[in-house]
Trainee: 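What follows is a single structure, and I will ask about it in a moment.
Read the numbers this way: they start at 1 and go in the same order the structure lists the ligands and their atoms. If you're wondering where the values come from, they're calculated on a predicted model, not measured in any experiment. Quick note: residue numbers are just sequence positions, from 1.
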Amino acid sequence: MIRAFAPGRVNLIGDHTDHQGGLVLPIAIDRGTTVTGKSGGDRVRLRSDDEEGQVEVRVGGGPPLALGPEWGRYVSAIVELERPARGFEGNVSTTLPLGDGLSSSAALELAVALALGFEGSPLELARLCQRSEYLAVGVPCGIMDQLASAAGVADHALLIDCHDTSINLVPMPEGVDVLIVDSGQRRSLEGTAYNQRLVECARAAEEVGPLRLLPEVGGIIDPVARRRARHVVSEIVRVRAFADALLASDTQAAGELMLESHESMRTDFEVSTPRLDATVEDLAATPGVYGARLTGAGFGGSVVALAAHGAALPDGAIRVRASAAARVTSEPGD
Ligand code: GLA
């Protein structure tokens, strides 16, 4: 039996910066997706614990034989890009809520790629899976989700420079909990204005060059492009400051930066929703919570908060821990 597990991620701060080569600060979490099964044959055949239907794809190429549930598109894209030597028959299960902004699609991509025998560095794995997301759903996402899942380290956040993909580990301070609250608004990236935001950022970059290198956005004439760029530029500054705050165990400062980040996503990048805003406001007013913000792409999904360890868990919140990277947990024959 082969068992491959890939964690989801929650981004503490630094959203909509990865596609501009900026900084992000995610953690891999202690929830994720597992693919279990046996390799062999010339087809990849997978079922899910949670959904009806079956996915069946030929390993040598050609159109999928059965795409079954929606998640089959990701499997098919991985098979096409990875070109495994052999097929696989097995099962997918997940402890991640789907469509909640915790990177359930990246976790599926990585778990499938590893189950099919991917051999390579975490960065190569992340790149393959990032390309598969584009192939599967046409969204040219950044590298954050896949790299966080591929390179996660227990009890550490990952300060990733998405331009050169270098990673600095930032220890999570003692006595701090990471909380996630589902806004209740499901979504998947292809149904959002994610691609439109990329176009708007590209328009800004056409005027002034790469946004990650920009000290300020005054030179951008197009008002929408200027606001999008202002989010990217200010968010990169906040990521650095937030990493410093974690290193200094300055949880108050970290919390304030999260609230500022949310405000910037709401007003300048316009990816929040009234439900996300209300969830952030409720959390911010909760005793023991240092700060909160929407996490991931926005348009729905989840809110992340930092809170004092042991404080009462707000309604609907779950606690997550910074966790280790995607891995094959048992070798064939185990
Ligand atoms: C999604 C994408 C990531 C990133 C975030 C926003 O999760 O997959 O690459 O752009 O949105 O930070």
Trainee: Assess the side chains of T273 and Q185: does a donor N or O sit below 3.5 Å from an acceptor N or O?
Mentor: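 Yes, side-chain donor-acceptor contact under 3.5 Å.
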Trainee: Would you say M144 has any N or O atom under 3.5 Å from an N or O of ligand 1, going by distance alone?
Mentor: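 There is no such contact.
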Trainee: For ligand 1, which atoms have a heavy atom of H16 less than 4.0 angstrom away?
Mentor: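 Result: 6 (C), 12 (O).
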Trainee: Please round to the nearest 0.5 Å and tell me the distance separating atom CZ of F118 and atom CD1 of I78.
Mentor: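 Output value for this atom pair is 9.0 Å.
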Trainee: Heavy-atom distance under 4.5 Å between the side chains of P171 and L247, does that happen here?
Mentor: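 Result yes, sub-4.5 Å side-chain heavy-atom pair found.
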Trainee: Examine the proximity of ligand 1 to H19 and report which part, side chain or backbone, both or neither, has a heavy atom under 4.0 Å away.
Mentor: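 Under 4.0 Å from ligand 1, H19 contributes side-chain atoms alone.
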Trainee: Give the residue and atom name of whichever protein heavy atom lies nearest to atom 12 (O) of ligand 1, and the separation in Å to one decimal.
Mentor: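 It is D15 OD1, 2.5 Å.
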Trainee: Among side-chain atoms of E133 and S105, is any donor-acceptor pair under 3.5 angstrom?
Mentor: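 A pair is found: one side chain offers a donor N or O, the other an acceptor, under 3.5 Å apart.
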Trainee: Is there at least one pair of N or O atoms, one from D18 and one from ligand 1, spaced under 3.5 Å apart?
Mentor: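 Yes.
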Trainee: Which of the atoms of ligand 1 are close to G142, meaning less than 4.0 Å from one of its heavy atoms?
Mentor: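 Under 4.0 Å from G142, ligand 1 has these atoms: 9 (O).
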Trainee: Given L102, V139, D145, identify the one with the heavy atom nearest to atom 7 (O) of ligand 1.
Mentor: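 The residue whose heavy atom sits nearest atom 7 (O) of ligand 1 is D145.
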Trainee: About how many Å separate CG of D182 and CG of L276, when rounded to the nearest 0.5 Å?
Mentor: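 Interatomic distance, L276 CG to D182 CG, rounded to 0.5 Å: 9.5 Å.
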Trainee: One thing to verify: whether R186 and D100 come together as a salt bridge, which I'm taking to mean a side-chain N less than 4.0 angstrom from a carboxylate O.
Mentor: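 A salt bridge is present here (some side-chain N lies under 4.0 Å from a carboxylate O).
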Trainee: Show which atoms of ligand 1 fall inside a sub-4.0 Å distance from at least one heavy-atom site of Y194.
Mentor: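 Contacts of ligand 1 toward Y194, numbered from 1: 1 (C), 2 (C), 3 (C), 4 (C), 9 (O), 10 (O), 11 (O).
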Trainee: Backbone, side chain, both or neither: what part of R9 comes under 4.0 angstrom of ligand 1, heavy atoms only?
Mentor: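 The answer is the side chain.
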Trainee: Relative to each other, are the rings of F269 and H19 parallel, tilted or perpendicular (30° and 60° limits)?
Mentor: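 The arrangement is parallel - the two ring planes meet at less than 30°.
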Trainee: Just jot down the ligand 1 atoms closer than 4.0 angstrom to any heavy atom of G296, in number order.
Mentor: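 Per the distance check, 6 (C), 11 (O).
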